[in-house]
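First up is the structure itself, then whatever we jot down about it.
Whatever order the structure lists them in is the order used to number ligands and atoms, beginning at 1.
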Amino acid sequence: MKKRILSGMRPTGKLHIGHFVGALENWVSLQEHYQNFHLVADYHVLTTSLDTSMMLKNTLDMLKDWIAAGIDPAKSPLFRQSRIKEHTELYLIFSMLISKERLERNPALKEQIRDLNIATTVYGHLGYPVLQAADILLYRADAVPVGEDQSSHIEITREIARKFNSTYAVVFPEPETKLTRFSRLPGLDGKAKMSKSLGNTVYLSDEPEAIWQAVRMAVTDPQKIRRNDPGRPDICTIFTYHNVFNTDEVPQIRRDCESGVLGCVDCKKNCAARISAFFAPHRERRAALTDTMILEILEDGENRARREAAETMERVRTAMKIG
Ligand code: TRP
């Protein structure tokens, strides 16, 4: 039997190129060798905003990008966390298996509170990784593909699995973290992370002109003011993008930037053109997807996910001798 993977994302709308290299690309390549489950973490999104008016639209926008990127819904079920009630059931049981102090120490929680300027922490923030553990273990996943920023959550998942298994009976694997190729793509403004809330993104669905407008404004080496000034590719955001989307030309670009013969405007034009070309098939596939198609895919995925979830909860109840 194929090993299992659970991957998830919060539905924050259409995805950007950072999501692609940090997650999606990896999910797509893993689906050949693993049984994948793809989760829309719509409960988790409530930890950042209580406004749910955009939830459905954001979910559909995100799923279009998943599918356009190559996630095959026939192979791997796609589903919303809120539609499978076993997530909350397992979350409650798991909340008894980990101490409050352990959750308060979680570095990912601290980072999130800082990055998103969260003013008051709610009970659900502490429980965030516990719910994530339920997401993963409900499908008895062997591995979780995530960026580095998520590894402390996955560590908590393993601790909860161990605690359950040693207290009752062995039901859960201890899932391993599968780190992505580029955990973090820097934003256009040179900040460490590309993120919608920072407004420093290139969307997967952006048309070539929008990509150019975004890339044109990107921060490069501040010491390279005009062509012929020698540049430092290793501190340049645009060079990082060349490294991802234009691998063939990287040695040449490095030489020409360092010697100065390549100016930033030409380098950016080339970069924008490469990104546009790279995602041209994505844009085409995405444009062919309708909301109705996505809703049907979800319904099918949710039925399949529900069967797995029910099976796991049977094992949990048997192990715990309850229900
Ligand atoms: N916390 C993840 C993020 O912010 C989203 C997520 C929720 C997730 N449940 C998951 C990721 C389970 C992997 C596995 O990106």
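- The option with the heavy atom closest to atom 10 (C) of ligand 1, from among H38, H19, Q132, R10, is Q132.
- Using a 4.0 Å cut-off to heavy atoms of V144, the atoms of ligand 1 that qualify are 13 (C), 14 (C).
- Nearest protein heavy-atom neighbour of atom 9 (N) of ligand 1: D135 OD2, 2.7 Å.
- Ring geometry for F94 versus F164: interplanar angle over 60°, hence perpendicular rather than tilted (30 to 60°).
- From the protein, the heavy atom lying nearest to atom 3 (C) of ligand 1 is Q150 NE2, 3.5 Å.
- Note on residues 290-299: pairs passing side-chain hydrogen bond (donor to acceptor under 3.5 Å, both in side chains), not counting sequence neighbours, are K64-D291.
- The nearest protein atom to atom 7 (C) of ligand 1, hydrogens excluded, is given as H44 ND1, 3.3 Å; this is a heavy-atom distance.
- Neither the backbone nor the side chain of Q81 has any atom closer than 4.0 Å to an atom of ligand 1 (non-hydrogen atoms only).
- In the vicinity of A41, heavy-atom distances shorter than 4.0 Å reach the ligand 1 atoms 7 (C).
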Can you list, pair by pair, the side-chain donor-acceptor contacts under 3.5 Å of residues 310-323, counting residues two or more places apart and other chains?
unit_1	atom_1	unit_2	atom_2	d
E311	OE2	R315	NE	2.8
E311	OE2	R315	NH2	3.1
T312	OG1	L138	O	2.7
T312	OG1	R140	NE	3.0
T312	OG1	R140	NH2	3.2
T312	OG1	E308	O	3.2
R317	NH1	E89	OE2	2.9
T318	OG1	E314	O	2.8

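- By the 30° and 60° cut-offs, the orientation of the rings of Y139 relative to F79 is tilted.
- A donor-acceptor pair under 3.5 Å links the side-chain atoms of D221 to the main chain of R232, judged by distance alone.
- Ligand-side atoms of ligand 1 in range of L39: 9 (N), 10 (C), range being under 4.0 angstrom from any heavy atom.
- Scanning all heavy atoms of the two residues, the minimum distance from P173 to A161 falls at O-CB, 3.7 Å.
- Atoms of ligand 1 lying under 4.0 Å from at least one heavy atom of Y128, given by number and element, are 1 (N), 2 (C), 3 (C), 4 (O).
- Side-chain contact between R227 and C267: absent, with no pair of heavy atoms (C-beta onward) separated by less than 4.5 Å.
- For atom 14 (C) of ligand 1, the closest non-hydrogen atom on the protein side is L6 CD1, 3.5 Å.
- Counting heavy atoms under 4.0 Å from ligand 1, residue L131 does not touch it at all.
- Pairing each heavy atom of D42 with each of R80, the nearest pair is OD2-CB, 3.7 Å.
- Set against the non-hydrogen atoms of I136, the atoms of ligand 1 under 4.0 Å away are 12 (C), 14 (C).
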